[in-house]
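Working notes for the structure below.
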Amino acid sequence: MAQRMSNLFLRTLRENPSDAELPGHQLLVRAGYVRRAAPGIYTWLPLGLKVLRKVEAIVREEMEAIGGQELSFPALLPREPYEATGRWEEYGPNLFRLADRKGVDMLLGPTHEEMFTVTVKDMFSSYKELPTILFQIQTKYRDEARPRAGLLRGREFIMKDSYSFDHTPEGLEENYLKHRGAYVKIFDRLGFEYVAVHADSGAMGGSASEEFLAVSPHGEDTFVRSPGGFAANVEAVVVPQAEPIEVTAGAAHVEDTPDTPTIDTLVAALNAKHPRTDGREWAAADTLKNVLVMLVHPDGTREPLAIGVPGDREVDAKRLEAQVSPADVEAFEEKDFATFPMLAKGYIGPGVLAESNSSGIRYLLDPSIAEGSAWVTGADEPGKHVIDLVHGRDFTADGTIQAAQIKEGDPAPDGSGPLTLARGIEMGHIFQLGTKYAEALGLKVLDENGKLVTVTMGSYGIGVSRAVAAIAESNLDELGLIWPRHIAPFDVHVVATGKDASVYEQAEKVVADLEAQGLDVLYDDRPKVSPGVKFKDAELIGVPTIVVLGRGLADGVVEVKDRRSGDKRDVPLAELTQAVVTDVRG
RNA sequence: CGGGGUAUGGCGCAGCUUGGUAGCGCGUCCGCUUUGGGAGCGGAAGGCCGCAGGUUCGAAUCCUGUUACCCCGACCA
């Protein structure tokens, strides 16, 4: 049955809600698709639910096409499996915890690795039952410190998560590639620009890992692309180790550089008081900045770490976190400086850093810092810097770390040219998890030789509700949403205008004919609503084809509008159904 | 957790400086008119002004405290 606007549970808003920021999210609220119930928690109204179901259907189809079997775990989970893997503790405040009436700890599932693993363990005991792909499309809960951007980062959200189970690395690889193929098909169908990037597998462990990012300036992830087609999340970019260069600098010498605690002030002072002899000016890139952070390991122990990067770069917090995971990174505070009196804040240099020096603090360098290169850096005394300090000659570090900020124009790891930076929204993540959870929960099967082997797993996620938001963000104009056809809540939006009863009678026939062709029709039958309101609502709601019955009927024609292009054409009544079917089905 | 901002009817906002009957637009309901670009006129319903204390004859408004929400950052498969 066609959905009549007179009977649709919908209220469109003329003005943007004050708590919505992103254009797509504003429109989803204004057009009556979703409504905020609590911070980061949204109600799916009828229109929104129809869209969500369509996205789910696409994901489900492609998962089934690679042999995935759907199941559904509870959202409300027992503590025990999460205790066994350590995540009851590790997840920290992001985990929604609750207790039942007997005081037994429960949680709302933030992700379901444990449940999949435990369930497969309960049911399988032989390699003959592998490989298996299981998936669910399910509501997840994470008590994010700061939910934002509507559906893009909520505390309740819908995710497809699947897991593959194999007893050999080859099997895992194969399932990983199957998922990769399915993901390409899914994202090709969803209707936003996306890019698959190399990712950091981070705290989840595992090796091969790729993220599918929706390209968007509103994204929270930064990724790089090279002219040669290399693409990676900045967290996963590996800066190559610079080749040693010939030492050309003279002997290192300490100079007075009063009041130069920052790179900017240092560079200015150098150019004023200690100009270079080769004719060019000092630049931030000539300086070596030594940044101190405090690592907090999962067992609670704290370890200071010094990172040396060229002065024209920051330490990228996300890259650093990815490198030191599972440890957390905290700021190096005044009280920490107090315990290391040899550290002169603002003038810290390699002279006291490294495990073999007075501070004993582990000192890691950015790999772009070549052996033989000369630097201006802190002399470990307030108001003093050392010039021409040469890496390998005058100082050494304990190793290197991939933590420096990546900049637009940096050379690409594949050697194809300069990197470009862009932002993206993480829509999917696939990675080879390996045995982390199987090990922790004892998921083993008997192999061909009758020996117990730990099952190796792959983990694959897609943000389903986030996908709805991403589609909205990339399919809109100043008038409203513009859904891709296979995502739209309806195939066609029929608008009857005017007060003449014959228009509505004709519209009923048109609607019936379109439905007879199998189309899903939204019919604006509201009798006392002015045409302008109906047009605005239709544009806001964003069904891709809009059929308008009104004044043209006198000449036997009906207007067919393409929402995306704005093109309008008059079609004779007799040809209308066929014309619309052609538009909708391509 | 740091910084900034806001809490007044379903939505968007004004009023607060200088205390004195709680207002506007949109939406909703009734009537008449109107019907190709968010209609007009007339009528109506709907608000413990976030919460708690305090000052005052009197507090949306002043004072103290508190909570919530939004934005930026930190954080975040």
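Residue numbers begin at 1 in each chain, while the letters A, B, ... track the order of the sequences.
- Judged purely by atom type and a 3.5 angstrom limit, E114(A) has no side-chain atom pairing as donor or acceptor with the backbone of Y82(A).
- Base engagement by K568(A) is indicated by at least one non-hydrogen atom pair under 4.0 Å involving a base atom.
- Residue order along RNA chain B, read from the 5' end via each residue's closest nucleotide, puts G150(A) first among G150(A) and G461(A).
- Across rG23(B) and rU64(B), the matching P atoms stand 29 Å from one another, rounded to whole Å.
- Residue side chain T497(A) reaches the base of rG36(B) through a donor-acceptor N/O pair under 3.5 Å, judged by distance alone.
- Between rU34(B) and rC51(B), the distance separating the two C1' atoms is 47 Å to the nearest Å.
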Check nucleotides 9-14 of chain B against the protein and report each pair of N or O atoms closer than 3.5 Å, with its distance, or say if there are none.
from	atom 1	to	atom 2	distance (Å)
rG12(B)	OP1	S18(A)	N	3.1
rG12(B)	OP1	S18(A)	OG	3.0
rG12(B)	O2'	E15(A)	OE2	3.3

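- The residue R36(A) sits close only to the backbone: its heavy atoms come under 4.0 Å of sugar-phosphate atoms, none of a base.
- Relative orientation of the Y194(A) and F212(A) rings is tilted, given thresholds of 30° and 60° on the angle between their planes.
- Residue R142(A) is classed as a base contact, given a heavy-atom separation below 4.0 Å to a base.
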List the atom pairs, donor and acceptor, that lie under 3.5 Å between side-chain atoms in residues 30-40 of chain A and the rest of the protein, sequence neighbours left out.
from	atom 1	to	atom 2	distance (Å)
R30(A)	NE	L13(A)	O	2.9
R30(A)	NH2	R14(A)	O	3.4
Y33(A)	OH	W483(A)	NE1	2.8
Y33(A)	OH	I541(A)	O	2.6
R36(A)	NE	D19(A)	OD2	3.2

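- Listed candidates were rU35(B), rG38(B), rC76(B). Nearest to the side chain of R14(A) is rG38(B).
- Salt bridge status for R563(A) with D477(A): present, with a side-chain N to carboxylate O gap under 4.0 Å.
- Residues K160(A) and D537(A) both approach RNA chain B. Their nearest nucleotides, taken by heavy-atom distance, put D537(A) toward the 5′ side.
- When the P atom is compared between rC26(B) and rG42(B), the two are found 12 Å apart, to the nearest whole Å.
- rU67(B) and rG25(B) have their C1' atoms separated by 30 Å, with the value rounded to a whole Å.
- rC32(B) and rC16(B) have their C1' atoms separated by 41 Å, given to the nearest Å.
- Checking rU34(B), rG36(B), rA77(B) against every side-chain atom of R551(A), the shortest atom distance belongs to rG36(B).
- Of the candidates rG37(B), rA77(B), rC69(B), the closest approach to any side-chain atom of E113(A) belongs to rA77(B).
- Ring pair F165(A)/Y163(A) is tilted by interplanar angle, where 30° to 60° counts as tilted.
- Taking atom C1' in both rA7(B) and rC13(B), the straight-line distance is 13 Å, to the nearest Å.
- Pair assignment for rA7(B): rU67(B), on the basis of Watson-Crick or G-U wobble contacts that are both within less than 3.5 Å.
- Set against rC69(B), rG36(B), rU28(B), the side chain of R11(A) has rU28(B) as its closest nucleotide.
- K534(A) meets the side chain to side chain donor-acceptor pair (under 3.5 Å) test with Y504(A); sequence neighbours excluded.
- For the C1' atom pair drawn from rG53(B) and rU17(B), the interatomic distance equals 24 Å after rounding to whole Å.
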Test side-chain hydrogen bond (donor to acceptor under 3.5 Å, both in side chains) applied to K160(A) and S162(A), step by step: CA-CA 7 Å; K160(A) 184 285 298 181; S162(A) 52; 2.8 Å; yes
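- The same atom, C1', is picked in rA59(B) and in rG54(B); the two are 11 Å apart, to the nearest Å.
- Looking only at distances, no side-chain donor or acceptor of R526(A) sits under 3.5 Å from a matching main-chain atom of S6(A).
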